[in-house]
There are 2 protein chains.
Amino acid sequence: MATQTAAERRAEAKRKYNAYVAECPTRQLLDAISDKWVSLIFTALADGPLRYGELSRTIAGVTQKMLTQTLRRLQRDGLLTRTVTADVPVQVEYRLTALGASLLPVMRALQDWAESHMDEVLVARRGHRTGGSAEHVVDVAA
Amino acid sequence: MATQTAAERRAEAKRKYNAYVAECPTRQLLDAISDKWVSLIFTALADGPLRYGELSRTIAGVTQKMLTQTLRRLQRDGLLTRTVTADVPVQVEYRLTALGASLLPVMRALQDWAESHMDEVLVARRGHRTGGSAEHVVDVAA
DNA sequence: CGGTATCCTTGCCGATACTG
DNA sequence: CAGTATCGGCAAGGATACCG
């Protein structure tokens, strides 16, 4: 039984976990990584580990609370590691794990999409006000 | 002006942050598509258009309010179309636009990742309680 | 069938103060 | 430097009732 490849195990996991079922823990995981700070943290750590202060400065606008909270959750889920060097002053380094690195391309794709299609979305929003092109009414009445 | 109170510094930081956000609306878009219902709606519509009731039944656990709200936002952003057939009973069909279809692979990748790596995350969570392997303390003291 | 409108609770999140 | 602890506002989101 131990002769199962990683791909096979993932395939089986997919059958077991169906996100369309409300009780499925995948929902929670999907919700956990569908967070606006998560993708920013991931791309910030893409090129190597960073210290807490560096992360805080890189991701403009995040509060101490939200940054710490999000980092703790990602650490708990095994997506990144937190390394403390017992020195004065204390240094804390955050680094993506292998599992976290496997999610990185997806996070990057999400950000890339947002950046490269921003124009089209803005156009759609303007068009929506003036009389939506995305609105259709089909009269089927005889 | 070195004599700046903490409140003044905070106020300036906030103005700068707001300006930054104004220049970079990508943050808002990223937040809009980083929603747990969005990815589920996208994969549900992957194989073709669906009616409101079909969507509601496919995505277990979503309330009428959240489904409608999310669909409206996606429609406004030009990611899907809403077609009403003026018949009795009324039929409303939701369909991904070309723009929406371009985001579909990313949404699918996100869900695939969540489903296929759920086991590893659960293991990480268990390990986190008993004594985290994702926790490191490096003693640098001489 | 496919919504809208309303009330109301939960918890997200920011701000502030304090610690090793 | 890198947090923890606490308070409070306010908006997201659920439940319910009603409409075209």
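Computed from a predicted structure; not experimentally measured. Below, read A as the first sequence line, B as the second, and so on, with proteins coming before strands; counting in each chain starts at 1.
Residue pairs meeting the side chain to side chain donor-acceptor pair (under 3.5 Å) criterion with at least one member in residues 45-57 of chain B, sequence neighbours excluded, are B:Tyr52-B:Thr68. Applying the ring-ring contact (aromatic ring centres under 6.0 Å, His included) test to residues at least two apart or on different chains, none of the pairs has a partner in residues 91-110 of chain A.
The phosphate of D:dA2 has OP1 or OP2 within less than 4.0 Å of a side-chain N or O from A:Arg51. Between B:Tyr94 and the phosphate of C:dG3, there is a side-chain N or O to OP1/OP2 separation shorter than 4.0 Å.
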Self-check item: Heavy-atom protein contacts under 4.0 Å, nucleotides 15-20 of chain D, coded B base, S sugar-phosphate only, - none
Solution: B-B---
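Taken over five-pair windows at either terminus, the axes of the helix from C:dC1-D:dG20 to C:dG20-D:dC1 are inclined to one another by 50° (rounded to 10 degrees).
Sequence order on DNA chain D of the closest nucleotides to A:Arg72 and B:Val62 puts A:Arg72 first from the 5' end.
Of the candidate nucleotides C:dG3, D:dC1, D:dG3, D:dG3 has the atom lying nearest to any side-chain atom of A:Val92.
Residues passing the ring pair (Phe, Tyr, Trp, His ring centres under 6.0 Å) test with B:Trp113 are B:His117, sequence neighbours excluded. In this view, B:Arg108 satisfies the salt bridge (Lys or Arg N to Asp or Glu O under 4.0 Å) rule with no residue, not counting sequence neighbours.
Remark: side-chain polar atoms of B:Thr97 are paired, donor with acceptor, to backbone N or O of B:Leu79 under 3.5 angstrom.
Nearest approach of B:Ala44 to B:Leu50, heavy atoms of both residues: O-CD1, 3.5 Å.
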